[in-house]
Amino acid sequence: MKTPRAWQRMLSGRRLDLLDPTPVDIEVADIAHGLAFVARWNGQTLGDYAYSVAEHSLLVEEIFARQQPGAPARWRLAALLHDAPEYVIGDMISPVKAAVGPAYGELDARLTAAIHLRFGLPAQLPVKVKRQIKAADKVSAWLEAVQIAGFSKAEADRLFGKQDAALVDTLAIALRPPVMVRQDYTARHVALLAQM
């Protein structure tokens with residue numbers, strides 16, 4: 001019986017094996033491009049452009065930096081890359097991930113490890129750092145829910161936790177063309193790598 005194909009050709013020319021990814025097949029240009037075209041919220045957001053995973057990642061890194069002002073550049077880079085595997089596996093809303101089961105998490109973990117190693121991060125982040133990034137991710141989800149996904153503040157509070165008004169009131173989501181988001185994601189990645 002023929003084994004099904006489990007790799008994807010990237011625009012960089014790399015061939016990424018999704019079941020056994022290696023750091024040498026990871027390029028930031030592929031990540032930035034893919035994430036700039038992957039819509040969060042299954043595209044169910046207000047505006048003329050989809051709110052992309054790349055834009056979300058930039059916001060999470062900014063929130064993480066505000067919440068952890070002394071964090072080294074490597075952990076800020078980890079925040080930027082927190083959803084990087086979605087450049088090849090897409091963004092699934094939490095209810096779908098739960099329905100798919102542990103296989104999705106295992107695939108995500110393998111890709112995350114390869115991405116981290118490619119850019120000088122540990123394959124698995126320290127638990128404390130992972131929790132801090134998750135906290136920034138929840139702030140971003142709350143903002144997205146309220147500002148562009150049609151949720152009331154009460155509903156967002158219930159789903160993502162009540163957020164610090166002093167922080168969320170200073171952040172506004174802007175929907176931009178994918179090419180701009182891709183450029184900004186790549187530039188931020190390069191800047192953070194240079195600080196490591």
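Throughout, numbering of the chain's residues begins at 1 and tracks the sequence.
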Spatial distance of atom CG (Leu125) from atom CG (Leu121) [nearest 0.5 Å]: 6.5 Å
Under 3.5 Å donor-acceptor, Arg118 side chain and Ile26 backbone: yes
Neighbour count >12 (heavy atoms, 6.0 Å) for atom CD, Glu155: yes
Validation row: Asp164, Gln67 side chains within 4.5 angstrom (heavy atoms): no
Asp83 (side chain) donor-acceptor with Glu86 (main chain) under 3.5 angstrom: no
Arg110 side-chain N/O to Leu19 backbone N/O, donor-acceptor pair under 3.5 Å: yes
Hydrophobic cluster partners of Phe160 (side-chain heavy atoms under 4.5 Å): Trp41, Tyr49, Tyr51, Leu59, Ile63, Val139, Trp142, Leu143, Val146, Ile148, Phe151, Leu159, Leu167, Val168, Leu171, Ile173, Leu175
For the student: nearest non-hydrogen atoms of Asp30 and Met10, plus distance: OD2-CB, 3.2 Å
Over all atoms of both residues, closest heavy-atom pair of Leu80 and Ser57: O-CB, 3.3 Å
Backbone of Pro122 reached by a side-chain donor or acceptor of Gln124 within 3.5 Å: no
Parallel, tilted or perpendicular: rings of Tyr185 and His189 (30°, 60°): parallel
Arg40 to Thr45 - nearest heavy-atom pair and separation: O-CG2, 4.4 Å
